[in-house]
Chemist: 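Below is a structure I'd like to ask you about.
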Amino acid sequence: MLRLSGVTAGYGDAPAVLQDVDLDVAAGEVVALLGPSGSGKSTLLRCVAGLTPLRGGRVDIGGADATDLPVERRGVGLVFQDHALLPHRDVTGNVGLGPRLQGLAASEVASRVAAVLADVGLGHLADRPVDALSGGEQQRVALARALAARPRLLLLDEPYGALDRPLRERLLDELPPLVRAAGAAAVLVTHDQDDALAVADRVAVLLAGRLRQLADPETCWTRPADPDVARFLGAGPLLPVRVRDGVGEGPAGRLPLPDVPDGPARVLLPAARLAFDDGTARGGDVVVPAVLLGSRFAGDHHSVRVEVAGSAHPVRLRRPAPPTVGPGAAVRLRIAASDLVAYPGSATQ
């Protein structure tokens, strides 16, 4: 439904914000765009929508070149954090805006409005002034307005950032089925990794204007494409080693790296694969010494912080219950040797 080829863009005479970005999104798919502030996430959405011109590359929507099409002819629906609702119209007036601009008959507009309001659970608020709605209700209206125009592509820029966590999670859960039911595709810009995990079929990691990884969420967190992606995601301890004859020597001891060439490398211990060792490590496991920094209750789990080999960035391990020892205690972490991720090259942290 969406294909970007070599997209490069910027503002005025400033250096490019986006550089040679390739991205594809299939019908029915939700892709979450992750990156730090200033990485170009919102600019990428603006390029797809036609709000920011390209310096180079191409945008295809629905299999056709849309690079030079105006916004209104691209078939995209835009949803922003601030909702951008029309305060002088009620819910029906806001949701029906797109179909009316498309020139549909009043009966067809009414039918579409009723259908999408039912889809987002707001049929009972059709006549309510938008300024009398809660933040979550306003965000549902904004989504319904985008869907009412039957776009091929939904572009969502931090749409749930101002909402409390339980409401955000509920609205995020509702997004994929709505996208699939509409036969559309969606790109969600977010800075929140939990949001990306909750909603995305695939995650696109954008760093300094370049797309560094595009993969399913589990792959991104357990096998980041490079050390920069691993550090941005906080995927786990990233340790310097020197590899010789398939073994990496470093601050965490000897690590089996049979397929890594001799020389300096960095090794990621994916936090999603780490566990506390209770003495049951098997032959294919690696045991790494660590220091417990703390543990806190986080609702349905305990978030445990540990330091590995003096790492300046403690790892957060989510576990059903906290460890039985206190902060400062020496602990041991276990991970399968096959889960280690090596990046041959400089061993500098």
Chemist: Do the non-hydrogen side-chain atoms of Pro224 and Tyr343 ever get within less than 4.5 Å of each other?
Modeler: yes
Chemist: For the CZ atom of Arg140 and the CG atom of Leu133, what is their distance to the nearest 0.5 Å?
Modeler: 11.5 Å
Chemist: Check whether Gln213 reaches the backbone of Arg223 with its side chain - one donor and one acceptor, N or O, closer than 3.5 Å.
Modeler: yes
Chemist: Atom CD of Glu72 and atom CG of Leu101: how far apart are they, to the nearest 0.5 Å?
Modeler: 10.0 Å
Chemist: Should Thr8 and Arg55 count as side-chain neighbours, where that means a heavy-atom distance under 4.5 Å?
Modeler: yes
Chemist: Distance check, rounded to the nearest 0.5 Å: Asp195 atom CG versus Thr190 atom OG1?
Modeler: 4.0 Å
Chemist: For Val48, does its backbone N or O pair with a side-chain atom of Arg74 as donor and acceptor, under 3.5 Å?
Modeler: yes
Chemist: If you take all heavy atoms of Ala309 and Ala252, which pair is closest and at what distance?
Modeler: CB-N, 4.2 Å
Chemist: Is a donor on one side and an acceptor on the other found under 3.5 Å between the side chain of Lys41 and the backbone of Leu188?
Modeler: no
Chemist: Count I, L, V, M, F, W, Y as connected when their side-chain heavy atoms are under 4.5 Å apart, and connections chain through other members. Are Leu156 and Met1 then in the same cluster?
Modeler: no
Chemist: Which atom pair, heavy atoms only, marks the closest approach of Gly209 to Val21?
Modeler: O-CG2, 3.6 Å
Chemist: Under 3.5 Å, is there a donor-acceptor pair between the side chain of Arg112 and the main chain of Ala148?
Modeler: yes
Chemist: Would Asp228 and Val205 count as a side chain to side chain contact (heavy atoms under 4.5 Å, CB included) here? Give the steps.
Modeler: CA-CA 10 Å; Asp228 290 337; Val205 180; over 6 Å; no
Chemist: Heavy atoms, side chains only, cut-off 4.5 Å: are Val130 and Leu86 in contact?
Modeler: no
Chemist: Please check: side-chain N/O of Asp119 versus main-chain N/O of Ala144, any donor-acceptor pairing under 3.5 Å?
Modeler: no
Chemist: Under 3.5 Å, is there a donor-acceptor pair between the side chain of Thr92 and the main chain of Asp127?
Modeler: no
Chemist: Nearest 0.5 Å, please: how far is CG in Leu239 from CG in Leu255?
Modeler: 7.0 Å
Chemist: Test side chain to side chain contact (heavy atoms under 4.5 Å, CB included) on Arg212 and Phe232; report intermediate values, then the result.
Modeler: CA-CA 11 Å; Arg212 303 288 283 271; Phe232 165 67; over 6 Å; no
Chemist: In terms of hydrophobic clusters joined by side-chain contacts under 4.5 Å, are Leu207 and Leu18 together?
Modeler: no
Chemist: Donor-acceptor pair, Arg266 side chain versus Leu238 backbone, under 3.5 Å?
Modeler: no
Chemist: Looking only at non-hydrogen atoms, find the nearest pair between Gly326 and Leu292 and report the distance.
Modeler: O-CD2, 3.4 Å
Chemist: Identify the heavy atoms of Leu206 and Gly40 that sit nearest to each other, and give their distance.
Modeler: CD2-C, 3.5 Å
Chemist: With a 3.5 Å distance limit and no angle check, can you tell me whether Asp285 reaches the backbone of Arg282 through a side-chain donor-acceptor pair?
Modeler: yes
Chemist: Drop me the distance from Leu340's CG to Ser338's OG, to the nearest 0.5 angstrom.
Modeler: 8.0 Å
Chemist: Only one of Leu23, Asp22, Leu4 clears side chain to side chain contact (heavy atoms under 4.5 Å, CB included) with Leu211; which?
Modeler: Leu23
Chemist: Carefully, step by step, assess Leu122 and Val116 under the rule side chain to side chain contact (heavy atoms under 4.5 Å, CB included).
Modeler: CA-CA 9 Å; Leu122 291 182; Val116 295; over 6 Å; no
Chemist: Looking at every heavy atom in both Val260 and Pro344, which two are closest together, and how far apart are they?
Modeler: CG1-CG, 4.0 Å
Chemist: What heavy-atom pair brings Ala9 and Pro53 nearest, and what distance separates the two atoms?
Modeler: CB-O, 4.0 Å
Chemist: Check whether any side-chain heavy atom of Leu214 lies under 4.5 Å from a side-chain heavy atom of Arg202, and answer yes or no.
Modeler: yes
Chemist: Nearest 0.5 Å, what's the CZ-CG distance between Arg334 and Leu269?
Modeler: 14.0 Å
Chemist: Counting N and O atoms only, with roles assigned by atom type, does the side chain of Glu137 sit under 3.5 Å from a partner on the main chain of Ser134, one being a donor and the other an acceptor?
Modeler: yes
Chemist: State plainly whether one hydrophobic cluster holds both Val308 and Val286, where clusters connect Ile, Leu, Val, Met, Phe, Trp and Tyr through side-chain heavy atoms under 4.5 angstrom apart.
Modeler: yes
Chemist: Taking the side chain as every heavy atom from C-beta outward, state whether Thr222 and Asp339 have any atom pair closer than 4.5 Å.
Modeler: no
Chemist: If we only count heavy atoms from C-beta on, is the Asp131 to Pro87 side-chain gap below 4.5 Å?
Modeler: no
Chemist: Given the rule that I, L, V, M, F, W and Y join up when any side-chain heavy atoms are under 4.5 Å apart, are Val109 and Leu85 in one cluster?
Modeler: yes
Chemist: I'd like to know if Arg3 pairs up with Asp60 as an ion pair, taking the criterion as any Lys NZ or Arg NE/NH1/NH2 lying under 4.0 Å from an Asp or Glu carboxylate oxygen.
Modeler: no
Chemist: Cluster question for you: counting only ILVMFWY and a side-chain heavy-atom cut-off of under 4.5 Å, with indirect links fine, are Val17 and Val7 together?
Modeler: no
Chemist: More than 12 heavy atoms of other residues, nucleotides or ligands under 6.0 Å from CG of Asp65: is that the case?
Modeler: yes
Chemist: Let's go through Leu153 and Leu155 carefully: what are the C-alpha distance in whole Å and the side-chain angles of both, what is the deciding distance for side chain to side chain contact (heavy atoms under 4.5 Å, CB included) to 0.1 Å, and is it a yes or a no?
Modeler: CA-CA 7 Å; Leu153 182 65; Leu155 305 175; 3.8 Å; yes
Chemist: Keeping the roles fixed (side chain from Ser295, backbone from Val304), state whether a donor-acceptor pair exists under 3.5 Å.
Modeler: no
Chemist: Does any part of the side chain of Pro176, heavy atoms only, come nearer than 4.5 Å to the side chain of Asp201, both counted from C-beta?
Modeler: no
Chemist: Taking the side chain as everything from C-beta on, heavy atoms only, tell me whether Val71 gets closer than 4.5 Å to Leu51.
Modeler: yes
